[in-house]
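Heads up: the structure comes next, in structure tokens.
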Amino acid sequence: MQKYNPQKIEKKWQKEWDKSEIYKAEDFSEKKKFYCLIEFPYPSGAGLHVGHLRSHIAIDIIARKKRMSGYNVMYPIGWDAFGLPTENFAIKTKTHPKIVTENNIKNFTKQIKSYGPSFDWSREINTTDPKYYKWTQWIFLKLFNSFYDEKLDKARDIKYLDIPKNLNALEKREFIDSHRLAYEAEMAINWCPSCKIGLANEEVVNGTCERCGALAEKKIMKQWMLRITKYADRLIKDLDTVDYLNKIKTQQVNWIGKSEGAIVKFQIKTDDNIKTPEHSSEVFNEPEGNPRCRSKTCHPIYNNSINDNEKVVKSKNDAEPAEGFEPSDNRMTNLYLHHATGKSTPNLLYHSLKVFTTRPDTLFGCTYMVLSPEHPLIKNLESGILNLEEVKKYIEQAKNKSDLDRTDLAKEKTGVELKGIKAINPINNEEIPIWLADYVLASYGTGAIMAVPAHDERDFEFAKKFGLEIKQVVAPLFIGEGKNKIRKDKKNTKRTVVDVIIKHWEKDEYFCLDWSKSKNDWKSFVVGGVEKGESEEEAALREAKEESGYQNMRVVKKIGGIAYSRFFAAHKDVNRRDIKRSCVYIELLNSSFIEPKEEEVKNHNGIWVKKEKVKDFINLQEPKIHWDILQNGEKPFIGYGIAINSEQFNNLETSEFKIKITKWLEENNLGKKAINYKLRDWVFSRQHYWGEPIPIVKCEKCGNIALEKKDLPLELPDVKNYEPTDTGKSPLAKIDQWVNIKCPKCNSNAKRETDTMPNWAGSSWYFLRYIDSKNNKEFASPEKLKYWMPVDLYNGGMEHTTLHLLYSRFWHKFLYDLGYVNTSEPYKIRRSHGMILAEDGQKMSKSRGNVVNPDEVIEKYGADTLRLYEMFMGPYGDAIPWSTSSLIGMNRFLEKIWKMQNKVGTQNFVSANKNIETLLHQTIKKVTEDIENLKFNTAISSLMILLNGLDKKEKISNIQYSIFLIMLSPFAPHITEELWKMFENKESIHLQKWPEYNEKLAEETEITLVIQINGKVRDQIEVPADISEEEAKKIALGRDKIKKWTEGKEMRKIIFVKGKLVNVVV
RNA sequence: GCCCGGGUGGCGGAAUUGGUAUACGCGACAGACUUAAAAUCUGUUUCUCGCAAGGGAUUGUGGGUUCGAGUCCCACUCCGGGCACCA
């Protein structure tokens, strides 16, 4: 027998597989298709580290197993090669990024081939290849030439857009441009001063650049944007149709951040009162835009005309997108740019202000309004603001704050009142103050809020700080459960009550009631009824005296608000519907005491409880809350409950109230139902060289003109210097002969767009190109798309959940709307791998110097050892530290397999031991199921158990060994192929049929029956698996060990679990 | 603060969904082989009391349900990830 020499055999078989193309996927095979996918790598100069391989290997195992199970498997690979790292390296080494990319791909290919994955290399793609990015540009132009048809709820060609008749040529163009799914907007974007590039919202992490960590700045630039927000709702809804890890779904849903509520319109009133028309004369839906602001992307407060043309007729439950949230803005963008930059600031009359709220039911509790410091209304109200200097100063301060400062939750709230100006609460016509504060974001909703301090934490904090009115309009409702549940057959009684917290005269102890004397399990403070004409304090004092017996006390303070409760009171045999007015905190002054009347104390015992024990002693919700307030201060109640102080809406439950008031607002033209999203449109321009050129020509006369399909690809011109510029202009802008061209429409002088696309562009559709990677006529043929799509299994990192995964779903839906693909979702199943940490438990990184290089591991132990270890180290989805010593265990496992070839006899099952056969079938079952469920670690462990079993035998059969090798082959393709061929097999092991198990043979015939006494294991016996209950009990009780425990004791019960145990209860 | 995960030996981790907790691997210890070491092979290895037979404890903490809980329920705590003044 030769020594196991992985270096030799692995290279040999890799060449052989390459030559014979055994992993090639067939288009239109008779077999069932299976398309599995990993996120294609970015070929960086650093090369692969062991962490990158984890998902490649895992999906490779699935691909191999599926292939052996008779599927036509496509497992493709390619390169996501545009982007900054390559460009930066190119600049540093003065090498063309094309060359850098080529070299990196060469190196990556070598590395990848060295661990033996079963990729179909014939479909290899490269996003920087003009033949590829021709289609990226083509899709971009499709977006440019489409609009979102709200009626049909899908994208359509722009030629179907309804254009208002009365527009002149320029207005018409602007109208169309403002409806394109790829559109230009001048806006404040996130700018990384170090990378010198604009960032998408998703690329900003904690206010810093995701890539380099530099603090992102705001920069106002004209940007290409993609209207992903139009797909927000579908991107949430269609998650129901796919199988993604739950955490991926919730992350996407949270990121899109849908909230339903209402837009409410408030009237603004200045002191002189001349600028405020009667609101009754207004119609809510009437356009009220600023006629002098030309921009269609301007805030809809100024411009409603676009919306009005897009009115959607939807089902009753579907609200239109919030008006205050038109899609032109990016998440970090200043909505009011045109005004804020002073481009268009006419001194107009502004008579209303809209806010978005998810709690229209709290409108009666709105005691002030807050505008974000950037709100344009301020500028137009200047003449009425009495403290203008102060206000301007505040705006200036806010402007100079970084995003990080502004969003720091730990800091105290700041703000300034607009003196001389008031808002009118439309529900009750009350005049309320208007404040400016940077806790209100310009980029969400309408940039203004109605403040309800009693029911919102932020408003509460602000109101407390500035002494603003806090008005409770929602009362919490506590409903008894269990014993305390309302009983239908009992009488209902209504009472008005107060909680009374009584403090001891010298100790830090509190008077509590234990109701166990009556039929209740309550533990509370003193609860007292408020009698007619009595104040809460008076009632509290009276009850405190009656129930506790103490006589000298004083009211310290009243805390809490109104709360309702509904429960059954067993001691009175009635249902109670209490209105708790508040809680009164009382301190005893001395021990003066008169024995309370029997009547007062027959249901409960009074107990003094130490301060630190009170929290655990009390078991009713309201007193618990009152105690918390006494200890930690008042808090707003933000939950749902019952309306109070809300006039005709009083006593409505919150969710019902919301519906009713929204209807009321709509009927009175004061507001309407609205939906808001946190998701912003996708900033699509990058001011860099190494990306797809945006195929647009800019003509002074004709505006933005799309290139024709025949002019694609628009190739990147060669350029001497690809350094980014500080001006924010792309390096392409400097190449005059490329930039200056004739307008394709009017032939006058025009310029090319010089920004490029982000590297998320190429990756947003690459999985479609694999299907037909050589097609010159289409991005892929419809027939092939139909055959292969959707992707059956897609694996990728969690870090791409709100980036690539969301973007590519968006593009796919767009292509679906236009009829280019036949599924609305691209990926059927999405899974995610865990990170491999360095041996020190930290993230692997070059700077920490703790990176494990797969090349070295392969060199020393072989690819099969590496592959096995990466799968064995722990659950696939978990982050696990690398351990070289554990890796050695996998090498030992392979050595053992190698040596076992000597034990293989030629006879088939003749000498097979019954136990081994059972074990074999159990293993087939386990491995088959585990691979399907991505439980590779336990699959390998069961293969080890089988090997250990085989190893105990003198001889093993050819068939046993073969089945073992076949099962191992997806994990360790090289050694299994070598051993397989050694036994005179002609065809590759990777083309063999996956073994099937026999359920009968996998069953044990003998089991270990466990005998327990009171749930504790006391004895075990070998018995036939199908032993009857009676038989088992008889044997169990007859055992000496068991007799020892049962002697002299009464046997209460014997439990029998088939095939498992007998439990004797004594 | 909110939303997801998770806490099991010295370490990575198993546990058929309520039925023998600690599979499998690493490490450690002892033995065999060897002049010796490495490699390999054999055995031991959750903790604890005990010479032993045997007992006791144990799945982050505290309670509960159950004949029986790592698994279910309640409260707390710690760790990881995501979001974060989103009205």
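All chains are named by letter (A, B, ...) in the order of the sequence lines, taking the proteins before the strands, and each is independently numbered beginning at 1.
When the P atom is used for both B/rC73 and B/rU65, the distance is 15 Å, rounded to whole Å. Comparing the P positions of B/rG25 and B/rU42 gives a spacing of 11 Å, expressed to the nearest Å. B/rG10 and B/rU16: their C1' atoms are spaced 29 Å apart (whole Å). Taking atom P on both B/rA52 and B/rA15, the two are 35 Å apart, rounded to the nearest angstrom. On the P atoms, B/rA39 is 12 Å away from B/rC29, given to the nearest whole Å. Taking atom C1' on both nucleotides, B/rG1 is separated from B/rG68 by 40 Å, rounded to a whole Å. Distance noted for atom C1' between B/rA69 and B/rU17: 12 Å (whole Å). The separation of B/rC78 from B/rU44, taken at their C1' atoms, amounts to 35 Å, rounded to a whole angstrom.
Rounded to an integer number of Å, the gap from A/Tyr869 OH to B/rC24 P is 18 Å. Straight-line distance from the CD1 atom of A/Ile1054 to the C1' atom of B/rC67: 11 Å, rounded to whole Å. In this entry the distance linking CE of A/Met944 with C1' of B/rG13 reads 12 Å, nearest Å. Nucleotide B/rC24 holds its C1' atom 14 Å from the CD1 atom of A/Ile897, rounded to whole Å. Across the protein-nucleic acid pair, A/Asn246 atom CG and B/rG81 atom P stand 20 Å apart, rounded to whole Å. The separation between A/Glu799 atom CD and B/rC83 atom P is 12 Å, rounded to whole Å. Rounded to an integer number of Å, the gap from A/Asp628 CG to B/rC76 C1' is 15 Å. A/Phe460 places its CZ atom 16 Å from the C1' atom of B/rG1, with the value rounded to the nearest Å.
Closest to the side chain of A/Gln1020, from the set B/rU20, B/rG19, B/rA87, is B/rU20. For A/Val1010, the listed nucleotide lying nearest its side chain is B/rU20; candidates were B/rU20, B/rA23, B/rA57. The listed nucleotides are B/rA87, B/rC67, B/rG27; the one nearest the side chain of A/Ser885 is B/rG27. Residue A/Lys899 has its side chain nearest to B/rU40 when only B/rA14, B/rU40, B/rC24 are considered. Relative to the side chain of A/Ser886, the nucleotides B/rA23, B/rG25, B/rG82 differ in distance, and B/rG25 lies closest. Proximity note for A/Lys1044 (side chain, C-beta onward) versus B/rG54, B/rC24, B/rG19: the nearest is B/rG54. With B/rG13, B/rG55, B/rU16 as the candidates, the nucleotide lying closest to the side chain of A/Lys1060 is B/rU16. Comparing B/rG25, B/rG19, B/rC85 by their nearest atom to the side chain of A/Leu1061 picks out B/rG19. Listed candidates were B/rA15, B/rA87, B/rG13. Nearest to the side chain of A/Thr938 is B/rA15. Ranking B/rU20, B/rC67, B/rA87 by closeness to the A/Tyr444 side chain, first place goes to B/rA87.
Nucleotide B/rU17 carries a syn base; the chi torsion (O4'-C1'-N9-C4 or O4'-C1'-N1-C2) is within 90° of 0. Glycosidic conformation, B/rG9: syn, with the torsion inside 90° of 0.
In this pair, A/Phe364 and A/Phe657 present their aromatic rings tilted. The plane angle is within the 30 to 60° band. In this structure, A/Trp898 and A/Tyr4 have tilted ring planes: the angle between them lies in the 30° to 60° band. Taking the six-membered ring where the residue is Trp, A/Tyr368 and A/Phe462 present parallel rings, their angle staying beneath 30° rather than reaching 60°. Using cut-offs of 30° and 60° on the angle between ring planes, the pair A/His833 and A/Tyr876 is tilted.
As the counterpart of B/rA30, B/rU42 is assigned, both hydrogen-bonding distances of the Watson-Crick or G-U wobble pattern falling under 3.5 Å. The partner of B/rC51 cannot be assigned: no Watson-Crick or G-U wobble pair with both contacts below 3.5 Å exists in any strand. Using the Watson-Crick or G-U wobble rule with both distances under 3.5 Å, B/rG12 pairs with B/rC24. In a base pair of the Watson-Crick type (N1 to N3 plus N6-O4 or O6-N4) or a G-U wobble (N1-O2 and O6-N3), with each distance short of 3.5 Å, B/rC83 is matched with B/rG1.
Within 4.0 Å (heavy atoms only), A/Gln1012 reaches at least one base atom of the nucleic acid. Backbone-only engagement by A/Thr357 is indicated by non-hydrogen atom pairs under 4.0 Å involving sugar-phosphate atoms exclusively. Nucleic acid contact class of A/Pro875 (heavy atoms, under 4.0 Å, all strands): sugar-phosphate only. Counting non-hydrogen atoms under 4.0 angstrom, A/Met450 reaches nothing in the nucleic acid. When heavy atoms are screened at a 4.0 angstrom cut-off, A/Thr801 is found touching no nucleic acid atom at all. Nucleic acid contact for A/Ile880: sugar-phosphate only, since backbone atoms but no base atoms lie under 4.0 Å from a heavy atom of the residue. Using a 4.0 Å heavy-atom cutoff across all strands shown, A/Val1017 reaches sugar-phosphate atoms only and no base atom.
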**Request:** Apply side-chain contact (heavy atoms from CB on, under 4.5 Å) to A/Ile1013 and A/Lys1016, showing your working.
**Result:** CA-CA 5 Å; A/Ile1013 305 291; A/Lys1016 277 196 163 64; 5.5 Å; no

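Taking 4.0 angstrom as the limit, A/Lys935 places a side-chain polar atom (N or O) nearer than this to OP1 or OP2 of B/rA15. Dashed line: the shortest gap from a side-chain N or O of A/Arg892 to OP1 or OP2 of B/rC26 is under 4.0 Å. OP1 or OP2 of B/rG56 has at least one side-chain nitrogen or oxygen of A/Arg1018 nearer than 4.0 Å. OP1 or OP2 of B/rC67 has at least one side-chain nitrogen or oxygen of A/Lys1053 nearer than 4.0 Å. Note on A/Asn948: every side-chain N or O is 4.0 Å or more away from OP1 and OP2 of B/rA23. For A/Ser942, no side-chain nitrogen or oxygen approaches OP1 or OP2 of B/rC24 to under 4.0 Å. For B/rC67, the OP1/OP2 oxygens have no side-chain nitrogen or oxygen of A/Arg1052 closer than 4.0 Å. Close to B/rA14, at under 4.0 Å from its OP1 or OP2, lies a side-chain N or O of A/Asn937. Close to B/rG1, at under 4.0 Å from its OP1 or OP2, lies no side-chain N or O of A/Lys635.
For the residue pair A/Tyr444 and A/Ser259, a side-chain donor N or O sits within less than 3.5 Å of a side-chain acceptor on the partner.
The residue among A/Met798 and A/Tyr439 whose nearest nucleotide of RNA chain B lies closer to the 5′ end is A/Met798. Nucleotides of RNA chain B nearest to A/Ile945 and A/Asn254 differ in position, and the one nearer the 5' end is that of A/Asn254.
Within a 6.0 Å sphere centred on CE of A/Met835, other residues, nucleotides and ligands contribute 12 heavy atoms or fewer. Atom CD of A/Glu954 is surrounded by 12 or fewer heavy atoms from other residues, nucleotides or ligands within 6.0 Å.
Checked by distance alone, A/Lys413 brings a side-chain donor or acceptor within 3.5 Å of a matching partner on the base of B/rC85.
With hydrogens and angles ignored, the 3.5 Å screen pairs no side-chain donor or acceptor of A/Ser942 with any backbone N or O of A/Thr923.
With respect to A/Asp628 and A/Lys635, a salt bridge is recorded, a charged nitrogen being found less than 4.0 Å from a carboxylate O.
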